[in-house]
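Source: prediction; values computed, not measured.
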Amino acid sequence: MPVKKKRKSSGQAGDEAGLKKCKITSYCRSQASSKVISGEEHFSRKKCLAWFYEYTGEDEIVGPEGMEKFCEDIGVEPENIIMLVLAWKLEAESMGFFTKEEWLKGMTSLQCDCTEKLQSKFDFLRSQLNDISTFKNIYRYAFDFARDKDQRSLDIDTAKSMLALLLGRTWPLFSVFYQYLEQSKYRVINKDQWYNVLEFSRTVHADLSNYDEDGAWPVLLDEFVEWQKVRQAS
């Protein structure tokens, strides 16, 4: 799968490369909590910050090594940590989302100030991804999360990686659509195209029998259907 170019960020060269290398794989390994979390144990900002500093360097940012250790501690593959972020919709300003402020924002929303508490939220985060309405919001949020902030569209390599992560396990036509994007003329995907890909994946049959050629689908999807029907006929 193509690797998204590195995003430049102050003090963390190459920090985000691993995050944008999204793969079609399960995003969480089941991890048994090492202690029972009491319902009476309240969220502690001080404890949360101490937890954050376990993974930071002198620049107070979770860099590649800190991210690797964090993922190992919570039992999540590094390339899939983005799924946790999307699940609680942490509105970071960049892909390098683990600054102190961004960490506190995400962990406070989950009321997590330690590894065990975050692990205890995995079922909740999975349920967010499995809920149709919530997933739609997460899918839409993913467009702005993944795009370069000075661009209005997603470059095609990032779009393919994000689609693989979001739809690769559930859309029967995903692998075919991925092949289509790889050989297509498209170098970016805009927001309207992004939104419509999800709608297409939910409403159009795998054999394309119910595709409405006169519908209001973007040209990208019209051309995909035409391309696939030519392949099927050959």
Side-chain angles (χ1 to χ4, degrees), residues 1 16 18-56 62 66-92 95-146 161-172 174 194 197-199 201-202:
M1 179 177 297
E16 292 82 28
L19 297 178
K20 285 204 169 184
K21 186 183 178 185
C22 304
K23 299 178 181 178
I24 309 173
T25 182
S26 63
Y27 60 91
C28 290
R29 300 196 304 266
S30 60
Q31 181 91 9
S33 177
S34 59
K35 75 173 185 177
V36 176
I37 302 300
S38 169
E40 299 179 356
E41 186 176 349
H42 299 297
F43 175 81
S44 166
R45 177 186 173 91
K46 182 178 179 180
K47 185 177 179 181
C48 187
L49 277 175
W51 182 32
F52 168 74
Y53 286 122
E54 291 181 18
Y55 305 106
T56 63
V62 180
M67 179 63 69
E68 183 177 356
K69 183 177 185 299
F70 174 71
C71 292
E72 181 179 346
D73 287 350
I74 66 174
V76 177
E77 296 294 340
E79 64 269 17
N80 293 313
I81 189 64
I82 195 173
M83 290 300 289
L84 287 177
V85 178
L86 290 174
W88 74 68
K89 295 188 290 186
L90 176 62
E91 297 180 0
M95 288 295 289
F97 51 85
F98 279 155
T99 64
K100 181 171 68 175
E101 292 76 16
E102 293 159 352
W103 175 283
L104 281 173
K105 183 176 183 179
M107 296 306 177
T108 300
S109 70
L110 286 174
Q111 291 291 284
C112 292
D113 54 19
C114 64
T115 299
E116 292 79 14
K117 283 186 179 180
L118 182 57
Q119 289 171 337
S120 74
K121 295 288 185 176
F122 283 175
D123 286 343
F124 164 73
L125 295 174
R126 290 190 185 97
S127 71
Q128 294 289 89
L129 294 169
N130 291 331
D131 179 81
I132 293 177
S133 178
T134 302
F135 181 80
K136 182 178 181 178
N137 292 333
I138 291 172
Y139 177 91
R140 291 190 167 201
Y141 171 70
F143 181 88
D144 289 324
F145 179 87
S161 295
M162 291 299 294
L163 288 171
L165 188 64
L166 292 161
L167 300 179
R169 295 177 296 117
T170 58
W171 184 21
F174 172 75
W194 179 263
V197 168
L198 177 62
E199 186 66 20
S201 73
R202 287 180 167 180

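Taken to the nearest 0.5 Å, the CZ atom of F135 stands 13.5 Å off from the OG atom of S127. Here the CD1-NZ distance, from I74 to K69, works out to 11.5 Å after rounding to the nearest 0.5 Å. The distance from atom OG of S120 to atom CG of L110, rounded to the nearest 0.5 Å, is 9.0 Å. Atom CZ in F52 sits 8.0 Å away from atom CD in E101 (nearest 0.5 Å). Rounding to the nearest 0.5 angstrom, the gap separating the SG atom in C48 from the NZ atom in K46 is 13.5 Å. Atom CG of residue L49 and atom CH2 of residue W103 lie 10.0 Å apart, to the nearest 0.5 angstrom.
D123 meets the side-chain contact (heavy atoms from CB on, under 4.5 Å) test with R126; sequence neighbours excluded. For D131, there are no salt bridge (charged side-chain N to carboxylate O under 4.0 Å, His left out) partners, not counting sequence neighbours. In this structure, K100 has no salt bridge (charged side-chain N to carboxylate O under 4.0 Å, His left out) partners at least two apart in sequence or on a different chain.
Taking each heavy atom of F174 and L167 in turn, the nearest pair found is CB-O, 4.1 Å. Of all the heavy atoms in L118 and M107, the pair that sits closest is CD2-CE, 4.0 Å. Heavy-atom minimum distance, Q111 versus K117: O-CD, 3.7 Å.
Enclosure of atom CZ in R45 is not indicated, since only 12 or fewer non-hydrogen atoms of other residues, nucleotides or ligands lie within 6.0 angstrom. No more than 12 heavy atoms of other residues, nucleotides or ligands lie within 6.0 Å of NZ in K136, so this atom counts as exposed by the packing criterion.
At least one donor-acceptor pair closer than 3.5 Å links the side chain of W194 to the backbone N or O of Y139. Within the 3.5 Å criterion, the main-chain N or O of F70 finds no donor-acceptor partner in the side chain of E54.
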